[in-house]
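In this text, all values refer to a predicted model and were calculated from it rather than measured experimentally.
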Amino acid sequence: MNLNFDLKKAEGYSSKSQIARVLTENWVKENSYCPCCGALPIIEYSNNRPVADFYCSVCAEEFELKSKNGNLGRIINDGAYETMISRITSDTNPNFFFLSYNKSFAVENFLVIPKHFFTPEIIIKRNPLKDTAKRAGWIGCTIDISKVPESGRIFIVENSKIIEQDKVNIKLQRTDFLKSKSLDARGWILDVLNCVEDIKKPTFTLDELYAFENKLKDKYPNNNHIKDKIRQQLQFLRDKGLIEFNGRGNYTKIEL
């Protein structure tokens with residue numbers, strides 16, 4: 001994997017946004033594999049396809065690319081809010097690639113967030129454009145990737161270091177079980193998983209998870225059994241091999 005862009009591909013373009021699009025899309029096409037199955041190459045769709053930018057000819061997974069010059073950060077600009085919400089809540093939503101590059105036109109970070117980690121709460125609605133704007137009233141959005149659990153942010157390149165492909169595939173496959181879950185069911189699983197990851201140590205207790213009860217109550221005000229839901233999701237995460245139950249309300253996070 002060559003982390004440098006092929007600058008020749010941008011010859012003849014003058015717009016900075018066009019140059020960035022051409023260079024980043026070409027880099028993915030020439031350097032990335034399918035993180036879902038490991039197949040090479042990943043194939044680029046024709047331009048202006050509304051759903052995705054790339055697909056895998058082996059497992060048929062689709063990917064949309066979002067790129068950024070500079071630090072990746074937590075907020076990524078996107079397009080129309082309603083379009084994005086409709087896309088991620090559909091049965092044909094794509095996985096997302098996020099790529100950041102430096103002033104030397106070299107990739108610093110490249111990660112995939114599987115489609116089953118996308119929920120409406122990570123899509124942030126922007127204010128409508130002012131009446132004086134060319135597209136007055138248009139409402140855009142941003143993607144807050146910090147709201148995605150760490151287990152759903154799967155780096156292929158991290159801080160200019162290429163991650164071993166086997167580790168990428170294993171990490172992605174660990175959460176494949178979420179694909180079969182409804183959006184509501186995934187929401188609870190991901191919320192509790194985020195709470196588990198917010199405890200910054202390898203072991204935790206049930207009481208430490210209960211400390212998130214008020215936070216979860218704010219999100220689910222009509223649910224009067226938050227602690228029951230926490231225990232239910234912990235059992236599910238245990239059964240799926242993400243955590244281990246050690247008895248008497250004690251748990252261990254299972255690392256790769």
Side-chain angles (χ1 to χ4, degrees), residues 1-7 9-10 15-36 42 44 52-54 61-81 83-85 87-88 93-126 140-165 167-172 174-175 178 190 193-194 196-198 200 255-256:
M1 184 179 287
N2 181 359
L3 298 185
N4 296 301
F5 292 160
D6 183 355
L7 299 182
K9 297 294 182 181
S15 165
K16 290 184 178 180
S17 61
Q18 285 182 321
I19 291 172
R21 177 184 59 79
V22 169
L23 292 178
T24 55
E25 289 182 357
N26 179 74
W27 183 87
V28 172
K29 181 178 67 174
E30 297 295 330
N31 291 276
S32 184
Y33 52 86
C34 174
C36 298
I42 195 164
E44 186 176 18
D53 298 310
F54 300 92
E61 289 287 351
E62 295 183 317
F63 304 87
E64 183 168 329
L65 174 65
K66 302 294 181 185
S67 59
K68 185 176 183 180
N69 184 358
N71 293 330
L72 184 63
R74 55 184 284 266
I75 299 296
I76 309 294
N77 290 329
D78 196 59
Y81 174 78
T83 300
M84 186 61 169
I85 292 295
R87 184 181 305 168
I88 67 167
N93 60 320
N95 306 282
F96 280 81
F97 283 139
F98 292 93
L99 184 154
S100 67
Y101 58 96
N102 58 30
K103 293 180 180 179
S104 299
F105 292 103
V107 173
E108 291 191 336
N109 293 285
F110 180 52
L111 68 151
V112 60
I113 296 181
K115 56 190 177 185
H116 39 275
F117 278 90
F118 270 78
T119 58
E121 71 167 345
I122 73 173
I123 309 303
I124 311 302
K125 182 188 289 189
R126 304 180 75 169
C141 69
T142 58
I143 304 171
D144 186 350
I145 62 174
S146 71
K147 293 185 177 181
V148 177
E150 289 182 16
S151 50
R153 286 175 268 159
I154 302 170
F155 283 86
I156 300 169
V157 177
E158 185 173 15
N159 297 325
S160 301
K161 178 184 177 182
I162 299 169
I163 308 301
E164 294 176 24
Q165 184 174 336
K167 291 183 178 179
V168 173
N169 294 149
I170 291 171
K171 189 171 183 180
L172 198 147
R174 289 183 81 196
T175 58
L178 288 168
L190 296 177
L193 183 56
N194 260 325
V196 169
E197 292 182 353
D198 281 345
K200 302 301 183 182
E255 302 293 339
L256 288 178

Chemist: Could you give me the CA-CA distance, side-chain angles and deciding distance for Phe117 and Ile122, then say whether side-chain contact (heavy atoms from CB on, under 4.5 Å) is met?
Modeler: CA-CA 9 Å; Phe117 278 90; Ile122 73 173; over 6 Å; no

Chemist: Please identify each residue that fulfils salt bridge (Lys or Arg N to Asp or Glu O under 4.0 Å) with Lys16, with sequence neighbours left out.
Modeler: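 Counting only residues at least two positions away or on another chain, Lys16 forms no salt bridge (Lys or Arg N to Asp or Glu O under 4.0 Å).
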
Chemist: Working to the nearest 0.5 Å, report the span between CG of Asn109 and OG of Ser67.
Modeler: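 With rounding to 0.5 Å, CG (Asn109) is 13.0 Å from OG (Ser67).
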
Chemist: Do the non-hydrogen side-chain atoms of Val148 and Ile143 ever get within less than 4.5 Å of each other?
Modeler: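 SC-SC contact between Val148 and Ile143 ruled out.
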
Chemist: Ion pair present between Glu61 and Lys115, side-chain N to carboxylate O less than 4.0 angstrom?
Modeler: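 Yes, charged N to carboxylate O under 4.0 Å.
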
Chemist: Apply salt bridge (Lys or Arg N to Asp or Glu O under 4.0 Å) to Glu108 and list each qualifying residue two or more places apart in sequence or on a separate chain.
Modeler: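 Not a single residue meets the salt bridge (Lys or Arg N to Asp or Glu O under 4.0 Å) criterion with Glu108.
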
Chemist: Would you please name every residue forming a salt bridge (Lys or Arg N to Asp or Glu O under 4.0 Å) with Asp6, sequence neighbours left out?
Modeler: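 Listed in chain order: nothing, the list is empty.
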
Chemist: Compare every heavy atom of Gly140 with every heavy atom of Tyr81, then report the nearest pair and how far apart it is.
Modeler: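 In this case the closest contact between Tyr81 and Gly140 is CB-O, 3.6 Å.
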
Chemist: Which atom pair, heavy atoms only, marks the closest approach of Ser151 to Leu193?
Modeler: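 Looking at all heavy atoms of both residues, the closest pair is OG-CD2, 3.2 Å.
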
Chemist: With sequence neighbours excluded, tell me which residues meet side chain to side chain donor-acceptor pair (under 3.5 Å) with Ser104.
Modeler: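 Partners of Ser104 by the side chain to side chain donor-acceptor pair (under 3.5 Å) criterion come out as none, since no residue qualifies.
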
Chemist: Hey, what's the ring geometry for Phe5 with Phe105, parallel, tilted or perpendicular (30° and 60° as the breaks)?
Modeler: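 Correct class here is tilted.
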
Chemist: Side-chain contact, heavy-atom cut-off 4.5 Å: Ile123 with Asp78?
Modeler: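 No, every pair of side-chain atoms sits at 4.5 Å or beyond.
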
Chemist: Quick one: CZ on Phe118 to CD1 on Ile145, what's the gap to the nearest 0.5 Å?
Modeler: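 Rounded to the nearest 0.5 Å, the CZ-CD1 separation comes out at 8.5 Å.
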
Chemist: Should the heavy atoms of other residues, nucleotides or ligands under 6.0 Å from NZ of Lys9 be counted, would the total exceed 12?
Modeler: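 Count not over threshold, so no.
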
Chemist: Please examine the side chains of Tyr33 and Val168, heavy atoms only from C-beta on, and report whether any two atoms are closer than 4.5 Å.
Modeler: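 Result yes, sub-4.5 Å side-chain heavy-atom pair found.
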
Chemist: What pair of heavy atoms forms the shortest contact from Glu25 to Phe54, and how long is it?
Modeler: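 Looking at all heavy atoms of both residues, the closest pair is O-CZ, 3.5 Å.
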
Chemist: Which value, rounded to the nearest 0.5 Å, describes the distance between Asn169 atom CG and Ile163 atom CD1?
Modeler: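 Asn169 CG to Ile163 CD1: 12.5 Å, rounded to 0.5 Å.
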
Chemist: Restricting to non-hydrogen atoms, name the atom on Ile19 and the atom on Ala10 that form the minimum distance, rounded to 0.1 Å.
Modeler: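 Heavy atoms only, the tightest pair is CG2-CB, 3.8 Å.
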
Chemist: Taking it one step at a time, do Leu111 and Phe97 satisfy side-chain contact (heavy atoms from CB on, under 4.5 Å)?
Modeler: CA-CA 6 Å; Leu111 68 151; Phe97 283 139; over 6 Å; no

Chemist: For Glu150, is there an ion pair with Lys200 - N to carboxylate O distance below 4.0 angstrom?
Modeler: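 Result for this pair is yes, salt bridge flagged.
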
Chemist: Short question: side chain of Thr24, backbone of Arg21 - any donor-acceptor pair under 3.5 Å?
Modeler: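 Answer holds: yes.
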
Chemist: Quick one: side chain to side chain donor-acceptor pair (under 3.5 Å) partners of Arg74, sequence neighbours excluded?
Modeler: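 Arg74 satisfies side chain to side chain donor-acceptor pair (under 3.5 Å) with Asp144, Ser146 only.
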
Chemist: Taking side chain as C-beta onward, heavy atoms only, is Leu99 less than 4.5 Å from Trp27?
Modeler: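 They are in side-chain contact.
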
Chemist: Apply side-chain contact (heavy atoms from CB on, under 4.5 Å) to the pair Ser100 and Asn71, showing each step before the final yes or no.
Modeler: CA-CA 6 Å; Ser100 67; Asn71 293 330; over 6 Å; no

Chemist: Are Leu3 and Phe110 side-chain neighbours, meaning at least one heavy-atom pair lies under 4.5 Å?
Modeler: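 Leu3 does not reach Phe110 side chain to side chain.
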
Chemist: Measure the CZ-CD1 distance between Phe98 and Ile76 for me, rounded to the nearest 0.5 Å.
Modeler: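 One gets 6.0 Å once the value is rounded to the nearest 0.5 Å.
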
Chemist: Would you mind reporting whether Leu7 and Leu23 have side-chain heavy atoms less than 4.5 Å apart?
Modeler: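 A side-chain contact under 4.5 Å exists here.
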
Chemist: Please report the shortest heavy-atom distance between Pro114 and Asn95, naming the atom on each side.
Modeler: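 Scanning both residues, the minimum pair turns out to be CA-OD1, 3.4 Å.
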
Chemist: What's the spacing between Glu44 CD and Leu65 CG if we round to 0.5 Å?
Modeler: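 Reported to 0.5 Å precision, the distance equals 9.5 Å.
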
Chemist: For Ile75, is there any backbone N or O sitting under 3.5 Å from a side-chain donor or acceptor partner on Lys68?
Modeler: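 Here the side-chain-to-backbone pair exists.
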
Chemist: Tell me, please, which residues at least two apart from Glu30 pass salt bridge (Lys or Arg N to Asp or Glu O under 4.0 Å).
Modeler: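 In terms of salt bridge (Lys or Arg N to Asp or Glu O under 4.0 Å), with neighbours along the sequence ignored, Glu30 is linked to no residue.
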
Chemist: Does the side chain of Thr142 reach to within under 4.5 Å of the side chain of Arg126, using non-hydrogen atoms?
Modeler: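 The answer is yes, as the side chains (C-beta and beyond) meet within the 4.5 Å cut-off.
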
Chemist: Take Val28 and Asp53 through the side-chain contact (heavy atoms from CB on, under 4.5 Å) test and state the conclusion after the steps.
Modeler: CA-CA 10 Å; Val28 172; Asp53 298 310; over 6 Å; no

Chemist: What pair of heavy atoms forms the shortest contact from Met1 to Ile156, and how long is it?
Modeler: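 Heavy-atom minimum between the residues: CE-CG2, 3.9 Å.
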
Chemist: Measuring only between side-chain heavy atoms, which start at C-beta, is Arg87 closer than 4.5 Å to Pro94?
Modeler: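 The answer is yes; the side chains approach within 4.5 Å.
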
Chemist: With rounding to the nearest 0.5 angstrom, report the NZ to CZ distance, Lys171 to Arg153.
Modeler: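 That separation rounds to 8.5 Å.
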
